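Report on the structure given below.
The structure displayed is predicted, hence computed values, not measured ones. Both counts, for ligands and for their atoms, begin at 1 and track the order of listing.
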Amino acid sequence: AADTPVLTLNGVGKDYGGVHAVHDVDLELRAGEILGVIGPNGAGKTTLVNMISGHVAPTSGDGHVLGRKLGAAGGAHRVARAGVSRTFQHSKLFDRLSVLENTLVGTHLVSKPTFVRRLLWLPSARRDENRAVSQARRQVQRVGLADREHVPAAQLSYGDQRRLEIARALASHPSLLILDEPAAGMNRVEAAELSELIRSLAADGVTIMLIEHNVHMVLDTCTRVVVLNFGEVIASGPPQVVASDPQVIEAYLGSD
Ligand code: ATP
C-alpha cells in the first residue's frame, strides 16, 4: 500500500561483545521524508545504517525495509535489489574511471570496472548496455556533473567526488537513499548546494536518510531528525523541535 512505511524498526539493537553500538531503536520512515540522523562520534549512526542496508545483522529487535526483514538471508545485495542504495563514509570511487564510468557501476547492469570501460568503447553495445549508459548519464546530470562526465574521479574536487557517489547511488533508481556523511569535508557553499540537491531528490519521490556531523545542514535539509547518543535515540521530531530540546543541546549541540 502507498502508506506502508519504507522503514520500520522495533527495538533494534547491535552488540559488539559487551558494547551496545545501537540499543533499542524504534523508527518509522515514510515515503518522501528526509530523515536526518545526528549524534556525536561513536553514537551508533554507522552501525544503524549498516543494519538497514543489510551489511550488519541486528542482535536484538526486528524491522523491515521496503518489505524485507532486517537481517534476512542474502544481506546487502538483496537489500540493494529491493531498492535501498547508500553511500559510504569513506569514498569507494574508482579513481581512474571517469565520472560516467563510476556511475555506470551503480546501475547494477554492469559490475566490474574493466567491463564498464569495455562497454563504453564497444561500437555495437547491446541494448541493455545502452540503457545503462543513458541511465547513468541522467544521474550524472542530476547531480550537476554533466560537463565533467569524462573526467577521472581522482581529478574532481572533494565536493564533486561526494556528488559523484550520490550519482552512482542513484543509478539503480532506489526508493530509499542513505547518505553517510555526504557533507564531510565540504565548504559552506558546497554543503548548501548538496542540501538543495537532497531536497530536489526527495521532491522527485526518493526517500532519504541523511547521516551527518554537519548539524546545521541537517536542520536545514531534513523533514525530521533523530538524535543518537551512546547508541540510543535521545530525541526525534521536526528539526526546530529537536534543535531546541535541552537534552540534545546538552549532549550534542552544546559541544558543537
Ligand atoms: P562516527 O560518527 O565516528 O562514524 P558512529 O555514530 O557512526 O560514529 P558507530 O561507528 O556506529 O558510530 O559506532 C558505535 C559504537 O560501536 C562505537 O563505540 C564503536 O567503537 C562500536 N563499533 C562499531 N563497529 C564495531 C565493530 N565492528 N566491532 C566492535 N565495535 C564496533
Side-chain angles (χ1 to χ4, degrees), residues 7-29 34-63 65 70-72 75-77 79-80 84-93 158-159 161-162 165-166 169 176-188 190-191 194-195 198 208-222 224-237 239 242-243 245 247-256:
L7 171 73
T8 317
L9 304 180
N10 297 307
V12 164
K14 175 69 187 176
D15 285 0
Y16 287 108
V19 180
H20 297 309
V22 170
H23 184 68
D24 200 20
V25 169
D26 295 326
L27 197 64
E28 199 175 274
L29 184 54
I34 309 176
L35 178 72
V37 180
I38 59 177
N41 284 327
K45 304 181 295 297
T46 302
T47 304
L48 184 66
V49 167
N50 284 341
M51 288 193 280
I52 295 166
S53 65
H55 288 85
V56 157
T59 45
S60 56
D62 57 69
V65 58
L70 236 65
H77 283 285
V79 178
V84 179
S85 194
R86 68 175 292 188
T87 63
F88 291 84
Q89 208 172 335
H90 302 288
S91 171
K92 300 202 166 178
L93 294 172
Y158 190 79
Q161 288 184 358
R162 315 272 359 185
E165 283 162 19
I166 295 173
L176 173 61
L177 176 64
I178 304 176
L179 303 172
D180 197 352
E181 297 192 20
M186 284 189 173
N187 62 38
R188 286 173 74 136
E190 287 172 328
L194 177 65
S195 173
I198 290 169
I208 292 171
M209 203 166 156
L210 173 64
I211 289 76
E212 255 305 327
H213 270 288
N214 186 334
V215 180
H216 300 290
M217 188 215 169
V218 167
L219 297 177
D220 262 11
T221 311
C222 297
R224 201 152 57 86
V225 178
V226 164
V227 186
L228 285 181
N229 198 24
F230 296 112
E232 297 190 45
V233 175
I234 60 164
S236 78
V242 166
D245 184 312
Q247 229 191 319
V248 175
I249 294 167
E250 190 191 326
Y252 190 41
L253 295 175
S255 60
D256 192 39

Atoms in ligand 1 with a heavy atom of [X] nearer than 4.0 Å:
{"X": "Thr47", "value": "9 (P), 11 (O), 13 (O), 23 (C)"}
{"X": "Ala43", "value": "5 (P), 6 (O), 12 (O)"}
{"X": "Thr46", "value": "4 (O), 5 (P), 7 (O), 10 (O), 11 (O)"}
{"X": "Gln89", "value": "4 (O)"}

Run the contact test for [X] against ligand 1 with a 4.0 Å cut-off on heavy atoms, strictly below, and give the result.
{"X": "His213", "value": "yes"}
{"X": "Gly44", "value": "yes"}
{"X": "Glu181", "value": "yes"}

Which heavy atom of the protein is the closest neighbour of [atom], given with residue, atom name and distance?
{"atom": "atom 24 (N) of ligand 1", "value": "Tyr16 CE1, 3.4 Å"}
{"atom": "atom 16 (O) of ligand 1", "value": "Ala21 CB, 3.1 Å"}
{"atom": "atom 3 (O) of ligand 1", "value": "Asn41 OD1, 3.1 Å"}

Candidate with minimal heavy-atom separation from atom 8 (O) of ligand 1, of Gly42, Gly17, Gly231: Gly42

For atom 5 (P) of ligand 1, the option (of His20, Lys14, Lys45) bearing the nearest heavy atom: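 The nearest heavy atom belongs to Lys45.
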
Which atom names give the shortest non-hydrogen contact between [X] and [Y], and what distance separates them?
{"X": "Ala169", "Y": "Ser85", "result": "O-OG, 2.6 Å"}
{"X": "Leu70", "Y": "Met51", "result": "CG-O, 3.7 Å"}
{"X": "Glu212", "Y": "Ile38", "result": "O-CG2, 3.6 Å"}
{"X": "Pro182", "Y": "Ile211", "result": "CD-O, 3.5 Å"}

Short side-chain donor-acceptor distance under 3.5 Å, Asn50 and Arg86: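 Present: a donor and an acceptor within the cut-off.
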
Inter-residue atom distance Leu228.CG - His23.NE2, 0.5 Å rounding: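 Between atom CG of Leu228 and atom NE2 of His23 there are 12.5 Å.
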
Euclidean distance, Thr47 OG1 relative to Lys14 NZ, rounded to 0.5 Å: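 That separation rounds to 8.5 Å.
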
Close side-chain approach of His213 and Asn41, heavy atoms under 4.5 Å: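 The answer is yes; the side chains approach within 4.5 Å.
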
From Val65, Leu210, Val37, Val84, residue fulfilling side-chain contact (heavy atoms from CB on, under 4.5 Å) relative to Ile178: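 In the set Val65, Leu210, Val37, Val84, the residue that makes a side-chain contact (heavy atoms from CB on, under 4.5 Å) with Ile178 is Val84.
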
Sub-4.0 Å protein heavy atom next to atom 20 (O) of ligand 1: no

